[in-house]
Amino acid sequence: MKITVIGSGYVGLVTACCFAEIGNDVICVDHDQRKIDALRQGKPTVYEEFLPELLTRHGGARLNFSWDLVESVRSADIIFVAVGTPQSADGQADLSYVEAVAHQIAPALGNGFKLIVNKSTVPVYTAERVRRTLLLSGAKPETFDVASNPEFFREGTAVTGFLYPDRIVIGADADRSVALLREVYQPLTTGAYRETATAIPPPQNALAKIRLIATTTKSAELIKHSANAFLAMKVSFINAVSNVCDAVGADVEEVCEGMGSDARIGKRFLKPGIGYGGSCFPKDIIAYRAVAIENGYHFNLLTEIMRTNEEQRLRFIAKIRRTLWNLKGKRLGVLGLAFKGGTDDIRESPAIYIIQALLREGCIISVFDPAAMKNARECDFGSQLKFAEGAYEAAQGCDALLILTDWEEFACLDLVRLRGELKHPIIFDGRNLYSPEEVAKAGITYVSVGRPDVSPEGLPVASL
Ligand code: UDX
């Protein structure tokens, strides 16, 4: 199949590389010439496992990059639109890029039937609006159809998420479009791809059989927003439970184990911490709430999910204040900048939020992150923050160490060595990466989320 992917951002690039990997001829289009130049040289423009391999494997052969949208659309059977849908001032998704692309596609239609598919996360009715825009721009109705095919992969595991998804959702109102999309995804749904000799290895929990769910375009658009909102709700729910645990002296990890073992609930996305972030959850929930209101329904639960998420960061800062007393002038080592482990993405990162709040309080910060330092260097943190070369260096001479991102390497630090680096042996763990007993045994006071604070024998209890 000849596929054109419009947009070489996170979703677009991974989508283009993976469609090439499963046997299609793909052109990935972007108006940013620097990006196209880099990609043509095989240099990934986002940090993601397996992306460099796929670019090397298919770049210049089945996978090409171009800034000529019209020509790329002309040569395609299916056009996936994966341009940004940022948040506008009123919370709604800003769909002006989607609209602009529709206007640009229209003149390139006419040589045979083409399917235009929204891959970006978009509110309900977008497929309909794209259809109308194309017609307005002069496209003939028999030359195209518009479908929705939301993407569910996660940063850090995007390539394997694309190739081994839990399900594939295609929203299309015409049988012909459903058939085309079924054909594109066949190597994944039949399991043929994973049998190929060079297949990217499946993750541990990959399903043997991948279901393709065909719906209307409106349902597909709602599936994407609802799935993200539900996952964020799980995170906010367990964070709210962790606050009750803090209040009564219970252990939220035990509560999670007990709750999550109910197959109807499940343990995934029940990890308490300092709240969710990233480029999707915060933006999508606001957009979902806005679209519900626009259609006459006040989805108040979504407001509460967001409120709980914001409060969670403030509660963590309050714990630091309660333990360290005055924050002004305190030296803090910080582990983590990314919104979660395994990515260099700092968008809406709770770690960044907490760091900025502590800097405003007069703290002096030394921070380390295995992947996100380059992005963070572009933020203006002022002179009271310096970047360290590693976790132990970040802790050197500090009044306390904060763990803000759940990187695997932060979960297996030499605690005795850390104690030696710190001026005062205190860890605030916003991701519950350690067992409290283990940390206390190493001679460190440990304050985590939804679990009682612990202090080594002879030291005063953590919080007042
Ligand atoms: C999310 C959705 O999972 C994905 O399906 C969608 O396509 C894009 O948005 P992503 O933003 O990559 O993916 O991150 P995800 O792994 O889902 O985590 C989101 C946030 O929730 C992170 O900040 C993470 O730290 C937090 N989180 C997640 C928790 O705090 N606890 C959990 O148990 C799970």
Side-chain angles (χ1 to χ4, degrees), residues 9-12 14-15 46-49 82 84-85 118-122 149-162 164-169 203 205 220-221 223-242 252-253 255-257 259-260 265-288 305-306 308-310 312-313 315-316 336-354 369 371-372 403-408 410-411 429-433 448-450:
Y10 201 82
V11 173
V14 173
T15 300
V46 297
Y47 172 92
E48 194 60 51
E49 199 183 7
T85 54
N118 279 329
K119 248 298 174 214
S120 317
T121 302
V122 288
N149 170 218
E151 190 44 68
F152 300 97
F153 58 59
R154 298 163 66 191
E155 289 192 27
T157 54
V159 169
T160 51
F162 185 101
Y164 302 99
D166 287 351
R167 79 309 204 180
I168 293 161
V169 173
N205 52 357
E221 287 160 345
I223 287 169
K224 175 65 193 186
H225 265 158
S226 306
N228 270 359
F230 193 86
L231 290 169
M233 181 180 72
K234 278 188 98 172
V235 175
S236 276
F237 186 89
I238 203 63
N239 282 337
V241 171
S242 79
V252 71
E253 298 295 337
V255 177
C256 272
E257 180 65 24
M259 258 179 79
I265 298 172
K267 290 182 198 165
R268 293 175 73 189
F269 275 76
L270 269 193
K271 191 109 196 63
I274 48 174
Y276 63 76
S279 63
C280 293
F281 282 5
K283 170 174 82 88
D284 290 354
I285 294 163
I286 293 179
Y288 196 10
I305 293 169
M306 293 189 278
T308 305
N309 196 53
E310 276 158 32
Q312 200 64 7
R313 305 159 179 183
R315 292 182 72 97
F316 189 71
L337 289 155
F339 80 97
K340 65 172 188 177
T343 175
D344 66 347
D345 197 341
I346 55 167
R347 285 176 288 177
E348 296 290 324
S349 170
I352 301 282
Y353 178 94
I354 289 169
D369 186 288
I403 302 177
L404 300 183
T405 305
D406 53 347
W407 279 100
E408 271 172 34
F410 294 161
D429 184 355
R431 299 290 185 168
N432 286 4
L433 298 187
S448 55
V449 179

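The figures here come from the full heavy-atom set of this structure, side chains too, leaving out hydrogens, waters and symmetry mates. In each ligand, atom 1 is the first atom listed, and ligand 1 is the first ligand listed.
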Asker: To the nearest 0.5 Å, what is the distance between CG on Asn432 and CD1 on Ile274?
Answerer: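 Between Asn432 CG and Ile274 CD1, I get 10.5 Å after rounding to 0.5 Å.
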Asker: Can you name the atoms of ligand 1, numbered from 1 with element, that are less than 4.0 Å from a heavy atom of Cys280?
Answerer: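 Once the distances to Cys280 are compared, the set is 8 (C), 9 (O).
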Asker: Looking at atom 27 (N) of ligand 1, what's its closest protein heavy atom, distance included?
Answerer: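 Checked against all protein heavy atoms, atom 27 (N) of ligand 1 sits closest to Val235 CG2, 3.8 Å.
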Asker: Here's a test for you: under side-chain contact (heavy atoms from CB on, under 4.5 Å), which of Thr15, Asn118, Ile168 qualifies with Asn149?
Answerer: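 Of all the options given, the one that passes is Ile168.
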Asker: Supply the atom-to-atom distance Asn309 CG to Met233 CE, rounded to the nearest 0.5 angstrom.
Answerer: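 Result: 13.5 Å between the selected atoms.
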Asker: Only heavy atoms of Lys224, strictly under 4.0 Å: list the atoms of ligand 1 that pass.
Answerer: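 Atoms satisfying the 4.0 Å criterion: 6 (C), 7 (O).
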Asker: How far is atom 19 (C) of ligand 1 from the closest protein heavy atom, and which atom is that?
Answerer: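 Minimum-distance protein heavy atom for atom 19 (C) of ligand 1 reads Phe281 CE2, 3.6 Å.
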Asker: Atoms of ligand 1 less than 4.0 Å from Glu151 heavy atoms?
Answerer: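 Ligand 1 atoms under the 4.0 Å threshold to Glu151: 7 (O).
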Asker: In the protein, which heavy atom is nearest to atom 14 (O) of ligand 1, and how far is it?
Answerer: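 For atom 14 (O) of ligand 1, the nearest protein heavy atom is Lys340 NZ, 3.2 Å.
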Asker: Are there over 12 heavy-atom neighbours, none belonging to Phe152, within less than 6.0 Å of that residue's CZ?
Answerer: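 Buried by this count: over 12 neighbours within 6.0 Å.
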Asker: Looking only at protein heavy atoms, identify the closest one to atom 34 (C) of ligand 1 and say how far it is in Å.
Answerer: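 Result for atom 34 (C) of ligand 1: Phe269 CD2, 3.3 Å.
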Asker: Please list, in number order, the atoms of ligand 1 under 4.0 Å from a heavy atom of Tyr276.
Answerer: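 Counting atoms of ligand 1 from 1, those under 4.0 Å from Tyr276 are 20 (C), 21 (O), 23 (O), 26 (C).
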Asker: Counting both backbone and side chain atoms, is some N or O of Gly278 under 3.5 Å from an N or O of ligand 1?
Answerer: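 Not met; the criterion fails.
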Asker: State which residue, out of Glu253, Lys234, Lys340, fulfils the side-chain contact (heavy atoms from CB on, under 4.5 Å) condition with Lys271.
Answerer: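 One option only clears the test, and that one is Glu253.
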Asker: His225 vs Tyr288 aromatic rings, parallel, tilted or perpendicular, using cut-offs 30° and 60°?
Answerer: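 The rings of His225 and Tyr288 lie parallel, inter-plane angle below 30°.
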Asker: Any idea which protein heavy atom is nearest atom 5 (O) of ligand 1, and the distance to it?
Answerer: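 Residue, atom and distance for the closest contact: Phe152 O, 2.7 Å.
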Asker: Among all protein heavy atoms, pick out the one at the shortest distance from atom 23 (O) of ligand 1; state its residue, atom name and that distance to 0.1 Å.
Answerer: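 Of the protein heavy atoms, Gly277 N, 2.9 Å lies nearest.
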Asker: Quick one: which ligand 1 atoms are inside 4.0 Å of a heavy atom on Glu155?
Answerer: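 With Glu155 as reference, the close atoms of ligand 1 come out as 12 (O).
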Asker: Any donor and acceptor pair, going by atom type alone, linking the side chain of Ser448 with main-chain N or O of Asp429 inside 3.5 Å?
Answerer: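 Side chain of Ser448 to backbone of Asp429: no pair is present.
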Asker: State the CZ-NZ distance between Arg347 and Lys283, to the nearest 0.5 angstrom.
Answerer: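 NZ of Lys283 is found 8.5 Å from CZ of Arg347.
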Asker: Can you list the atoms of ligand 1 that are under 4.0 Å from a heavy atom of Leu270?
Answerer: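 Going through ligand 1 atom by atom, the ones under 4.0 Å from Leu270 are 33 (O).
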Asker: Nearest to atom 22 (C) of ligand 1, what protein heavy atom do you find, and at what distance?
Answerer: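 Answer, as residue, atom name and distance: Phe339 CD1, 3.6 Å.
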Asker: Keeping Asp406 on the side-chain end and Gly341 on the backbone end, is there a donor-acceptor pair under 3.5 Å?
Answerer: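 Yes, because the side chain of Asp406 sits within donor-acceptor range (under 3.5 Å) of the backbone of Gly341.
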Asker: Tell me the nearest of Lys267, Glu348, Lys271, Arg154 to atom 32 (C) of ligand 1, using heavy-atom distances.
Answerer: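 Answer by nearest heavy atom: Lys271.
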Asker: Do me a favour and list the nearest non-hydrogen protein atom to atom 25 (O) of ligand 1 with residue, atom name and distance?
Answerer: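 Among all protein heavy atoms, the one nearest atom 25 (O) of ligand 1 is Arg431 NH1, 3.1 Å.
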Asker: Is a donor on one side and an acceptor on the other found under 3.5 Å between the side chain of Ser242 and the backbone of Val252?
Answerer: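 Such a contact is absent between Ser242 side chain and Val252 backbone.
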